[in-house]
Trainee: 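Okay, here's the structure, questions in a sec.
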Amino acid sequence: MEYRLNPRPGGGWYFAQLLVSAFSVSLHPIGLAYPLALLWSWYKEPLDQKQQKYFFVGVSFVALFTLLMLRGWNYVEWFQNPIKSLAITILGSSLGSEISAVSWVVGGLMLAGLAIVVIKQYRNLWSDFTGRTFLIGLTLGITTSDSAWGIIALCLILYFGIPLLLQLHHVRANKGFAQQRGLMMLFIIILSTVFMQADKRHYQIRQSGFLSEEDQLIHILAEEAENARKIAEEDKSEKNPVLLRVASQWPSRTMIACKCDTLPLPPAAQDPQTQLTMLRSITHLLFNPRQANNAALARNLSILGGGIIETIALQPGGVLLHFKNVDPQANLKNDK
C-alpha cells in the first residue's frame, strides 16, 4: 500500500517487499503465499506496465533464488494429520503422541468451522490482500498440515469468522447489548478459557520436565555439546579446541539447545560417497530415519558403516549420529 501511494521503481519499499518475500519463502512452504498474493495483486491491479514488470521479475526471482539456495524445505515433515494440528493449536501439545478423543472432536470442529468460513467468506478472502494471503497459505500448507498450518487456519477463522457471528444478530435500536453481541461475547469467553487452559497445561508440562520424543534427542546432543565444552576448558594448551557442527532436521531448536553451529538437514545424494563429501564438516547429525522423506538419506548413511559413523542415541523420535575423525575447522578453512 505504501508503495502504491508513492511508487518509486527501485526504491526502499520495493526492495522491502522483495526482502519480505525472500524471508517468508525461506521459512516454510506457506511462506510462498505472500509473493504469490503480491504477484496476483500486481497482475489484477497494476499501476502501469513498467512497474508491473518490475514486480513480476523481482518477486519471482527472489522466491526462486531462495528456494534454490535452500534446496527446498528439507526440515519440513509432509502430510501430517490436519485434525491433530488443529487440535494442538487450540488445546496445546499433549504428553503423548496419540490423539485423544477430545482432540479428535476439537480438531474436527475446527476443520468444519474452517470450511464454513472459507465457503461463506470466499469472495471477501480473495478480494482482500490479507485474506488472499491467508487463503493461499492455507491451500499450500495443507501439504504439510503441521502446527504452522494450524496457526494460519486459526487466524483465518478468527479474522474472517468473527464477522459471520456478528451478522447473525443485526444491531437494532430496540435490542440490548446482550442480544446484539451475546453470541460474540460467549464465543470470546469460551475461546479465552480454552486458551488459558492450554497455557496452564504447557506450563505444567515444562515444570514436570517432560520432553517430546524429538526434544529428548536434542537434549542428548545438548549434553554432548556441554561435555565437549568442559573438555575444551580443561585443556590448558588450547591446541585441540572442540568444535561441534551439527546438521539437524530441527535446526532452530537444536541451535538454541546445544548452543553450537547448526545447519538444516542436507538433501539425499545419489550415492554414499557423495553424501559423505557433502557432510565433510559435520560432526553430528540429528534426524528421524523412519520418515519417508528421510529414507534416501538414511540409506546412504547406513551404507557408510560404523567405521565412519557411530550411533550415539537411537530413540523413537530419531537418531543422533557422530562422524568420526572429522576436523570441522580444517574443512571450514578449505571451504573458504
Trainee: Centres of the Tyr34 and Phe23 rings: under 6.0 Å?
Mentor: no
Trainee: Identify the heavy atoms of Phe160 and Asp128 that sit nearest to each other, and give their distance.
Mentor: CZ-OD2, 4.2 Å
Trainee: Distance from Lys84 atom NZ to Leu91 atom CG, nearest 0.5 Å?
Mentor: 13.0 Å
Trainee: What is the distance from atom CG of Leu276 to atom CD1 of Ile308, rounded to the nearest 0.5 Å?
Mentor: 5.0 Å
Trainee: What are the two closest heavy atoms between Ser60 and Leu39, and how far apart are they?
Mentor: OG-CD1, 3.9 Å
Trainee: Hey, is the main chain of Cys260 close enough, under 3.5 Å, to the side chain of Thr262 for a donor-acceptor pair?
Mentor: yes
Trainee: Gln315 vs Glu213, test: side-chain contact (heavy atoms from CB on, under 4.5 Å). Steps then yes/no.
Mentor: CA-CA 8 Å; Gln315 295 194 358; Glu213 294 177 348; over 6 Å; no
Trainee: Under a 3.5 Å cutoff, is there a donor and acceptor pairing between the side chains of Asn294 and Gln249?
Mentor: yes
Trainee: Begin with the C-alpha distance, continue with both residues' side-chain angles, and end with the deciding distance and a verdict on side-chain contact (heavy atoms from CB on, under 4.5 Å) for Ile303 and Asp271.
Mentor: CA-CA 9 Å; Ile303 294 176; Asp271 57 84; over 6 Å; no
Trainee: Looking only at atom types and distance, does a side-chain atom of Gln275 sit under 3.5 Å from a main-chain N or O of Asn300, one as donor and one as acceptor?
Mentor: no
Trainee: Determine whether the side chains of Ser100 and Ser103 contain a donor N or O and an acceptor N or O closer than 3.5 Å.
Mentor: yes
Trainee: Do Leu135 and Val118 have side chains that get closer than 4.5 Å, going by heavy atoms?
Mentor: yes
Trainee: Could you check Glu224 against Ile312 for side-chain contact (heavy atoms from CB on, under 4.5 Å), going step by step and ending with a plain yes or no?
Mentor: CA-CA 9 Å; Glu224 185 86 3; Ile312 296 179; 3.9 Å; yes
Trainee: Without swapping roles, check the side chain of Gln52 against the backbone of Trp42 for a donor-acceptor pair under 3.5 Å.
Mentor: yes
Trainee: For the hydrophobic clusters of this structure (ILVMFWY residues joined by side-chain heavy atoms under 4.5 Å, transitively), does one cluster hold both Phe129 and Leu138?
Mentor: yes
Trainee: About how many Å separate CG of Leu244 and CD1 of Ile282, when rounded to the nearest 0.5 Å?
Mentor: 10.5 Å
Trainee: Show every side chain to side chain donor-acceptor pair (under 3.5 Å) that has at least one partner inside residues 108-124, sequence neighbours left out.
Mentor: Gln121-Asn124
Trainee: Rounded to the nearest 0.5 Å, how far apart are CZ of Phe134 and OG1 of Thr139?
Mentor: 13.0 Å
Trainee: Say whether Ser281 and Arg245, considering side chains only, have a donor N or O and an acceptor N or O under 3.5 Å apart.
Mentor: yes
Trainee: Return yes if some donor-acceptor pair links the side-chain N/O of Thr274 with the main-chain N/O of Gln270 below 3.5 Å, else return no.
Mentor: no
Trainee: I'd like to know if the side chain of Ser192 and the backbone of Ile189 have a donor-acceptor N/O pair within less than 3.5 Å.
Mentor: no
Trainee: For residues Leu321 and His284, determine if any side-chain heavy atom of one lies less than 4.5 Å from a side-chain heavy atom of the other.
Mentor: no
Trainee: Do Phe323 and Arg280 have side chains that approach each other closer than 4.5 Å (heavy atoms only, starting at C-beta)?
Mentor: no
Trainee: Listed by chain and number, what are the ring-ring contact (aromatic ring centres under 6.0 Å, His included) partners of Tyr43, not counting sequence neighbours?
Mentor: Trp40
Trainee: Among side-chain atoms of Ser248 and Arg253, is any donor-acceptor pair under 3.5 angstrom?
Mentor: no
Trainee: Would you indicate whether the side-chain heavy atoms of Leu265 and Trp250 approach each other to under 4.5 Å?
Mentor: no
Trainee: Do Phe56 and Phe61 make the cut of ring centroids closer than 6.0 angstrom?
Mentor: no
Trainee: Would a single hydrophobic cluster contain both Leu109 and Ile152, if residues Ile, Leu, Val, Met, Phe, Trp and Tyr are joined by side-chain heavy-atom contacts under 4.5 Å?
Mentor: no
Trainee: Output the distance between atom CD (Gln216) and atom CG (Leu221), rounded to the nearest 0.5 Å.
Mentor: 14.0 Å
Trainee: Look at the side chain of Trp73 and the backbone N and O of Val25, then say whether any donor-acceptor pair between them is shorter than 3.5 Å.
Mentor: yes
